[in-house]
Amino acid sequence: MRKPILILFLTMLSSWAWGHARLLPGGNTPGRSNDANLKSGVCGGIPKGTPVATFNTGQTITVQWEETINHPGYFEFYLSSDNDQTFTLLTTVQDTQNNRNDLPHRYQVNIQLPAGLNCDNCTLRMIQQMTEDPANPRPYFSCSDIRIASQGSDTPMEPVDEDANTPPPTADCHSN
């Protein structure tokens with residue numbers, strides 16, 4: 001009897017421990033990868049792809065993500081318009097769901113894109129900064145390839161919504 005219970009426990013443990021945070025696959029800005037355990041490189045080592053959504057310059061967009069492993073910390077959102085060479089901080093969101101035992105924790109925040117920026121292959125980057133050791137925060141990366149165009153230049157593409165019937169709950173997120 002112990003062996004089946006141990007196998008079940010190990011199976012459950014491995015499914016819980018596969019990652020930390022990622023842009024929501026069915027959201028407005030799905031990530032380059034569904035892996036939530038990307039710890040290195042500009043975008044976790046995942047190369048640029050084609051844009052998954054088009055937004056208007058200066059538009060406020062809703063970005064959705066999930067935390068799959070509970071850690072104290074915060075989430076930073078950056079934008080690059082030069083092939084992932086430089087990133088500009090757009091907003092920071094505190095992790096407000098640390099004491100909840102209901103993983104994954106789902107979040108969303110409204111972010112205003114820069115006015116006057118046209119970019120055929122921009123990168124929206126989220127970095128989860130885990131702060132168990134405040135002197136040495138550990139980052140996890142998730143990036144989305146997006147297009148930013150002048151209003152009226154093209155009809156914006158709509159991302160594929162894999163879960164259209166159940167939008168993520170809105171967390172109490174405050175951007176700085």
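All of these numbers come straight from a predicted model, not from anything done at the bench.
- Defined by atom type and a distance below 3.5 Å, a donor-acceptor pair is present between the side-chain atoms of T62 and N110.
- Looking only at side-chain heavy atoms (C-beta outward), K48 and T123 come within less than 4.5 Å of each other.
- For the pair L79 and C122, the minimum side-chain heavy-atom distance is below 4.5 Å.
- Atom CG of N37 is separated from atom CD1 of I69 by 8.0 Å, given to the nearest 0.5 angstrom.
- Note that CD of E76 is 6.0 Å distant from CG of L89, once rounded to the nearest 0.5 Å.
- Without hydrogens or angle criteria, Q59 side chain to I148 main chain gives no donor-acceptor distance under 3.5 Å.
- For the pair E67/Q128, a side-chain contact is recorded, criterion being any heavy-atom separation below 4.5 Å from C-beta on.
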Go through it in stages, so that I can follow the logic: the residues are I127 and F75, the test is side-chain contact (heavy atoms from CB on, under 4.5 Å), and I'd like the CA-CA distance, side-chain angles, deciding distance and then a yes or no. CA-CA 6 Å; I127 301 176; F75 305 91; over 6 Å; no

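- Taking the charged nitrogens against the carboxylate oxygens, R32 and D145 do have a contact shorter than 4.0 Å, which makes a salt bridge.
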Please report the C-alpha distance between L38 and C43 in whole Å, then the side-chain angles of each, then the deciding distance to 0.1 Å, and finally whether the side-chain contact (heavy atoms from CB on, under 4.5 Å) criterion is met. CA-CA 8 Å; L38 302 175; C43 287; over 6 Å; no

Run the side-chain contact (heavy atoms from CB on, under 4.5 Å) test on S144 and V52 for me, step by step, so that the C-alpha distance in whole Å, both residues' side-chain angles and the decisive distance to 0.1 Å come before the verdict. CA-CA 7 Å; S144 181; V52 294; 3.6 Å; yes

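- Closest heavy-atom contact between A149 and T54: CB-CG2, 4.4 Å.
- Y107 places a side-chain N or O within donor-acceptor distance of the main-chain N or O of T96, the cut-off being under 3.5 Å.
- The structure places OH of Y78 at 9.0 Å from CZ of F141, a figure rounded to the nearest 0.5 Å.
- Heavy-atom minimum distance, Q94 versus G73: OE1-O, 3.8 Å.
- Closest heavy-atom contact between T68 and A36: OG1-CB, 3.8 Å.
- Rounding to the nearest 0.5 Å gives a distance of 6.0 Å between CZ of R125 and SG of C143.
- One hydrophobic cluster holds both L23 and I61 under the rule that ILVMFWY side chains link at heavy-atom gaps under 4.5 Å.
- Using a 4.5 Å cut-off on side-chain heavy atoms (C-beta onward), H20 and M130 make contact.
- Using a 4.5 Å heavy-atom threshold, the side chains of I111 and T60 count as separate.
- Salt-bridge annotation for R138 and E132: present, with a side-chain N of the basic residue lying under 4.0 Å from a carboxylate O of the acidic one.
- Closest heavy-atom contact between P30 and P25: CB-O, 3.2 Å.
- A donor-acceptor contact shorter than 3.5 Å is absent between the side chain of D95 and the backbone of P72.
- Residues S33 and I46 have side chains in contact (heavy-atom distance under 4.5 Å, counting atoms from C-beta outward).
- Between L24 and R22 there is no side-chain heavy-atom pair separated by less than 4.5 Å.
- The side-chain heavy atoms of L117 and S81, taken from C-beta on, include a pair separated by under 4.5 Å.
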Apply side-chain contact (heavy atoms from CB on, under 4.5 Å) to residues F55 and T29 and explain how you reach the verdict. CA-CA 10 Å; F55 301 103; T29 57; 4.0 Å; yes

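- When hydrophobic clusters are built by joining Ile, Leu, Val, Met, Phe, Trp and Tyr residues whose side-chain heavy atoms come closer than 4.5 Å, directly or via intermediates, L113 is grouped together with W65.
- No chain of hydrophobic side-chain contacts below 4.5 Å, direct or via other Ile, Leu, Val, Met, Phe, Trp or Tyr residues, connects F77 to V42.
- Here T50 contributes atom OG1 and R147 contributes atom CZ; the two are 12.0 Å apart, rounded to the nearest 0.5 Å.
- Expressed to the nearest 0.5 Å, how far OG of S80 lies from CD of Q85 amounts to 7.5 Å.
- At a threshold of 4.5 Å between side-chain heavy atoms, the hydrophobic network of Ile, Leu, Val, Met, Phe, Trp and Tyr places V63 and L90 in one connected group.
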